[in-house]
2 protein chains.
Amino acid sequence: MPSIEALRIFVEAAVHGSFSEAARRLHKSQSTVSASIANLEIDLGVALFDRHARLPVLTGAGQHLLANAEQVLTAQDRLLRAAAGLASGYEPRLSIALSDTYQPDRLEALQAEFDARYPEIELECLIAECADLLALIESGRAQLGFVERQPDYPPGLAYAPAAEPSAMDVYVSRRHPLAQRSHVELAQLDDYRALRLTTVQQQTPQRPRGHSWSAPSYLMLMEMAQGGFGWAELPCWLVERYGAESLQRLPLAGWPRLVTVDVVWSRDRPPGPAGVWLQTRMTGP
Amino acid sequence: MPSIEALRIFVEAAVHGSFSEAARRLHKSQSTVSASIANLEIDLGVALFDRHARLPVLTGAGQHLLANAEQVLTAQDRLLRAAAGLASGYEPRLSIALSDTYQPDRLEALQAEFDARYPEIELECLIAECADLLALIESGRAQLGFVERQPDYPPGLAYAPAAEPSAMDVYVSRRHPLAQRSHVELAQLDDYRALRLTTVQQQTPQRPRGHSWSAPSYLMLMEMAQGGFGWAELPCWLVERYGAESLQRLPLAGWPRLVTVDVVWSRDRPPGPAGVWLQTRMTGP
DNA sequence: AGATACCATCGATAAAAGCGATAGATCATG
DNA sequence: CATGATCTATCGCTTTTATCGATGGTATCT
């Protein structure tokens, strides 16, 4: 069972083609390098270097095993790097809970930036809306959430408005009766089925609004609207990107409206440095 | 600098969720496991396990580093596996020299079989014809070659006929004057430009046959023939696969003809076990 | 309460990793 | 051809480290 140090010595000697050079670079004595490689050859049962020349040259087997040894070292290097990050307080993974109100193109740019800055940290994205999302944050399952601004937040949750607001509008299928009208009043909406967001959490039992249908994500709501089952309030970007051809906005007064997206986190379980970076990156300029 | 053994102990303990269990499986004392993990935590600067419960449970950092540690171990496992293969006489890489006379679909099947049987061994394919190919074998650059049967082989080279022969025929471009004839005699070919194989090696200076053009591979010859520059003797499979729409065979008596493909290797530098397997696989049933 | 199984800690011992010194080998140079 | 420089292999010696058994504290189950 070869030790990591022996592999490092082997690689250094192979790369520089000299035991003495490797000893100098690794700040070890030449005898250590020599003995270490000799032991490694015994352990592996293969001659790594051809020592007939003045300087040792890799054998064919040595060349082949060099690649494997380097893989071991790079894997170990990643381990140490990750440990160093964790030791200095960085979280091993960051879970963010997303509402569909947040545009994915902005999110992708953000993810790319995050990956460049924190390549070691796992990033997990969860999809949830409203109370479900807040529950993810409260339970610690996610550290950061992006939600449409709520009328009130549970205690222990902190929030800050994200930099850019999001546009919402009311849509119906092109085949829906409302789609033909050139003028629609808000009161008329009650005559048709509403498609509303629901949540798995039902701590605050919502007043059941007539014969409405509901789903836990805007994407499912949009698919219901595309089916012609009713009208729904949806993020404009979602419709423009995935449902433009089969949906139509309603000409309501005051719509589309701009919705503030809040960044939410738990005060008890605050996000780590990477989460803080992501949060300030969202709320800042 | 964590040792491999420490990582193995860590992984074993993490997987089974118990230090004692890991000690039993690794045939070490419980104190060794305990101390080893404690040292690992000191080295990495991170708490790996939460010891408040009866059984230790991984911390978040521990979960994250567990994945890294497993990567180190699998890399080391590959290293040991490769070394074991080399120690028992297997070559680190096998270079085979191919003539275009050998059908690639059979070759791909063979490569798949080789990969399944010898996943550790690098397989290198070189393209060469005739004297060039034999030179690759003689020099030791390649260990195995597939060539159209030669009238004579250099001393020191052994050969055996491959199981399946290969068909060759004479082709011209559809725009070539010969393409219109319903009957062609061999002697008439001399009236038109021949496209012949040439080799980089010019040890045996071939008699320059009139105003012929030449190239070192059948693929290049075929492209010349497609350009309408003359007639060429080509492997049937090559034309059928890549040049069927622009080339046409000549109705010559005795053609197409079957050519034996020989497997060639050097008697001085015989191929290793994997090469022998490949060779017998080719010549056998 | 008792039995059991778990983890942490403490010396003691054996294995190894490391170093300096030395000797043999190879290459460049006068 | 002789010489100096530089390389690798090997030999003791010291120091570090890994491993063990024994012991004690603690949680879990009967």
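Chain A is the first sequence line, chain B the second, and so forth, proteins listed ahead of strands; every chain is numbered from 1.
For A:S34, whose side chain is taken as the heavy atoms from C-beta onward, the closest listed nucleotide among D:dA9, C:dC19, D:dC20 is D:dA9. Here C:dC19 is the nucleotide among C:dC7, D:dG21, C:dC19 with the atom lying nearest to any side-chain atom of A:S29. The B:F19 side chain lies nearest to C:dC7 when the options are D:dC20, C:dC19, C:dC7. Listed candidates were C:dC19, C:dC7, C:dC10. Nearest to the side chain of B:S31 is C:dC10. With D:dT19, C:dC7, D:dA18 as the candidates, the nucleotide lying closest to the side chain of B:T32 is D:dT19.
Looking at A:S36, its side chain has no donor and acceptor atom pair within 3.5 Å of the base of C:dG18. A donor-acceptor contact under 3.5 Å links the side chain of B:Q30 to the base of C:dA8. Residue B:R54 places a side-chain atom within donor-acceptor reach of the base of C:dA5, judged by atom type and a 3.5 Å distance cut-off alone.
If you check every strand for non-hydrogen atoms under 4.0 Å, B:R24 touches sugar and phosphate atoms only. Nucleic acid contact for B:S3: none, since no nucleic acid atom lies under 4.0 Å from a heavy atom of the residue. Residue-level contact check: B:S20 touches the backbone only, with heavy atoms under 4.0 Å from sugar-phosphate atoms and none from bases. Nucleic acid contact class of A:H27 (heavy atoms, under 4.0 Å, all strands): sugar-phosphate only.
Using a 4.0 Å cut-off between charged nitrogen and carboxylate oxygen, A:R78 and A:E120 do not count as a salt-bridge pair. Note on A:R51 versus A:E41: salt bridge recorded, some NZ/NE/NH1/NH2 to OD/OE distance being below 4.0 Å. Salt-bridge check for B:E124 with B:R141: passed, with a basic side-chain N closer than 4.0 Å to an acidic carboxylate O.
Atom CD1 in B:I9 sits about 13 Å away from atom P in C:dA8, given to the nearest Å. For B:F49 and C:dA8, the CZ to C1' distance is 15 Å, given to the nearest whole Å. Put simply, NZ on A:K28 is 12 Å from P on C:dG20, counting in whole angstrom units. B:N39 places its CG atom 14 Å from the P atom of D:dC20, with the value rounded to the nearest Å. In this structure, B:R8 atom CZ and D:dA18 atom C1' are separated by 16 Å, rounded to whole Å. Spacing between atom CD of A:E21 and atom P of D:dA5 amounts to 19 Å, rounded to whole angstrom units. For the pair A:H16 NE2 and D:dC7 C1', the computed distance is 16 Å after rounding to whole Å.
Across A:I4, A:D77, A:V11, a single residue satisfies side-chain contact (heavy atoms from CB on, under 4.5 Å) together with A:V72, and that is A:I4.
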As a quick check of understanding, evaluate side chain to side chain donor-acceptor pair (under 3.5 Å) for B:H16 and B:R25, giving each step before the final call.
CA-CA 10 Å; B:H16 294 99; B:R25 299 205 175 233; 3.1 Å; yes

